[in-house]
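The figures that follow rest on heavy atoms only: side chains count, while hydrogens, waters and symmetry mates do not.
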Amino acid sequence: MIFADFLRNRRREQLSERDLAALEASVSQVRKTQARQLIAQAGEPIAYSTYLMEGFICRYMDDRNGLRQLVAVHVPGDFVDLHGYPLGRLDHDVATLCASRIAMVPHEALDGLLAQRPNLTKLLWFSTLLDAAMHREWIFRLGRLDAMARIAHFFCEIEAKLRAVGLSDGSRFALPLTQADLGEACGMTSVHINRMLRELRERELLQVQRGRVTIFDLAALRRLCDYDPSYLFIGG
């Protein structure tokens with residue numbers, strides 16, 4: 001099943017079997033991608049939306065000097081650029097972070113789904129509103145938290161999202177991000193990220209090693225950054 005993780009632990013019970021079958025039938029292509037592969041480019045017309053089945057995808061923007069800022073990191077079960085359907089183009093780039101598997105849903109197929117299936121329309125809208133909630137949280141993180149709390153908050157969010165789709169046990173999960181990627185997500189240099197990760201390890205809160213994250217004390221990590229997962233609507 002292509003959409004096995006879509007809205008898993010997030011109102012998936014509201015997705016009827018007929019709606020799910022229609023969503024599955026809307027997919028025009030399932031394909032594998034390489035790591036660091038551009039999927040959608042800012043400003044270019046977009047005629048499909050991408051659903052992430054396996055791997056990790058980021059959304060990012062470049063400044064005038066070519067420096068990158070990550071504005072989202074997507075995990076399996078996410079509709080990465082569903083907002084591109086009404087917009088027709090994106091104001092940011094979308095690329096894989098590792099080898100991934102994606103499903104492509106043409107916007108023409110979404111026209112039919114939205115015209116015929118109001119309940120599915122509501123859930124797809126809910127999916128885009130989740131993205132908006134996460135964007136607000138990222139703005140808060142970058143604007144109000146100190147360096148260590150930013151990193152802690154980022155890992156708390158990723159862990160919660162991965163646990164929702166069965167890819168974290170609450171303490172261990174795969175995350176193929178470099179220190180440069182983390183810096184671009186948290187607004188810091190790689191050197192600063194390295195120093196903060198070392199301090200988090202010395203505090204026995206978390207460790208990042210070879211693409212694997214181990215959280216030793218999730219409750220303490222959440223306290224460090226005042227993390228409240230309610231904006232993810234997991235279980236709600």
Side-chain angles (χ1 to χ4, degrees), residues 1-30 39-40 46-60 70-92 94 100-141 153-154 156-168 173 185 227-236:
M1 182 182 293
I2 295 171
F3 291 93
D5 290 323
F6 180 56
L7 296 182
R8 185 173 169 188
N9 286 310
R10 288 169 166 168
R11 304 188 184 180
R12 185 177 174 86
E13 72 281 355
Q14 298 179 21
L15 190 62
S16 71
E17 291 185 7
R18 289 187 176 182
D19 284 342
L20 182 57
L23 192 56
E24 294 272 335
S26 71
V27 174
S28 64
Q29 181 185 18
V30 173
I39 293 176
I46 186 169
Y48 57 83
S49 288
T50 305
Y51 173 77
L52 179 58
M53 299 172 64
E54 298 173 7
F56 290 83
I57 283 177
C58 69
R59 289 192 259 159
Y60 66 93
L70 266 62
V71 295
V73 173
H74 288 282
V75 307
D78 286 352
F79 240 127
V80 176
D81 51 5
L82 190 57
H83 54 288
Y85 166 60
L87 292 173
R89 61 180 176 84
L90 300 177
D91 58 359
H92 55 274
V94 179
S100 303
R101 194 155 68 109
I102 59 176
M104 316 303 293
V105 180
H107 290 169
E108 289 184 355
L110 288 174
D111 286 337
L113 291 179
L114 271 59
Q116 301 168 17
R117 301 199 166 273
N119 182 63
L120 180 56
T121 297
K122 182 178 179 180
L123 291 172
L124 291 173
W125 187 17
F126 173 70
S127 175
T128 62
L129 293 177
L130 285 176
D131 283 341
M134 283 183 276
H135 279 306
R136 288 190 291 272
E137 197 72 13
W138 278 47
I139 292 170
F140 169 79
R141 180 172 73 216
H153 191 284
F154 176 84
C156 285
E157 177 179 287
I158 290 294
E159 190 284 322
K161 291 175 64 177
L162 289 174
R163 184 149 40 98
V165 294
L167 295 177
S168 169
F173 54 90
Y227 185 74
D228 177 0
S230 61
Y231 68 98
L232 294 173
F233 290 84
I234 294 172

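- Taking every heavy atom of both residues into account, V30 and A103 meet most closely at CG2-CB, 4.1 Å.
- The minimum heavy-atom distance linking F154 with A185 is given by the pair CE1-CB, 4.0 Å.
- With sequence neighbours excluded, the residues satisfying ring pair (Phe, Tyr, Trp, His ring centres under 6.0 Å) with Y85 are H107.
- With a 4.5 Å cut-off on side-chain heavy atoms, I39 and I57 count as touching.
- In this structure the side chain of E157 reaches within 4.5 angstrom of the side chain of Y231, judged on heavy atoms.
- If you take CG on L113 and CG on L123, they are separated by 12.0 Å, rounding to the nearest 0.5 Å.
- For S16, the side-chain contact (heavy atoms from CB on, under 4.5 Å) partners are R18, D19, not counting sequence neighbours.
- Scored by the side-chain hydrogen bond (donor to acceptor under 3.5 Å, both in side chains) test, R12 finds no partners at all (sequence neighbours excluded).
- Residues V105 and V27 share a closest heavy-atom pair of CG2-CG2, 4.0 Å.
- Contact check for L114 versus L124: side-chain heavy atoms found under the 4.5 Å cut-off.
- By the ring pair (Phe, Tyr, Trp, His ring centres under 6.0 Å) test, F56 is found to be paired with no residue, residues two or more places apart in sequence or in another chain being considered.
- At least one donor-acceptor pair under 3.5 Å links the side chain of S28 to the backbone N or O of M104.
- Distance CD1/I102 to OH/Y48: 7.0 Å, rounded to 0.5 Å.
- Under the 4.5 Å side-chain criterion, counting only non-hydrogen atoms from C-beta, P229 is not in contact with I234.
- Using modelled atom types, no side-chain atom of R59 and backbone atom of V71 make a donor-acceptor pair closer than 3.5 Å.
- Here the CD1 atom belonging to I158 is positioned 11.0 Å from the NE2 atom belonging to H153, to the nearest 0.5 angstrom.
- Nearest heavy atom pair, residue L15 against residue L20, reads CD2-CD1, 3.8 Å.
- Across all their heavy atoms, P76 and G55 have their closest contact at CD-O, 3.2 Å.
- For CD of E17, the number of neighbouring non-hydrogen atoms (other residues, nucleotides, ligands) closer than 6.0 Å is 12 at most.
- A distance-only check finds no donor-acceptor pair linking the side chain of K161 to the backbone of D78 [under 3.5 Å].
- Atoms CG and CG, on L90 and D81 in that order, are 5.5 Å from each other to the nearest 0.5 Å.
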For N9 and R163, what are the C-alpha separation, side-chain angles and deciding distance, and is it a side-chain contact (heavy atoms from CB on, under 4.5 Å)? CA-CA 9 Å; N9 286 310; R163 184 149 40 98; over 6 Å; no

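- Taking CG of L82 as the start and CG of L110 as the end, the distance is 6.5 Å to the nearest 0.5 Å.
- Every residue meeting the salt bridge (charged side-chain N to carboxylate O under 4.0 Å, His left out) condition with R101, not counting sequence neighbours, appears here in chain and number order: E54.
- Taking the side chain as every heavy atom from C-beta outward, R11 and F126 approach each other to under 4.5 Å.
- Taking every heavy atom of both residues into account, L130 and L7 meet most closely at CD1-CD2, 4.3 Å.
- In this structure, Y51 contributes its side chain and F6 its backbone to a donor-acceptor pair below 3.5 Å.
- Within 6.0 Å of atom CD in E108, 12 or fewer heavy atoms from other residues, nucleotides or ligands are found, so the atom counts as exposed in its surroundings.
- Residues F233 and L129 fail the side-chain proximity criterion, which asks for heavy atoms closer than 4.5 Å.
- By the salt bridge (charged side-chain N to carboxylate O under 4.0 Å, His left out) test, R141 is found to be paired with no residue, residues two or more places apart in sequence or in another chain being considered.
- Within the 3.5 Å criterion, the main-chain N or O of F3 finds a donor-acceptor partner in the side chain of E24.
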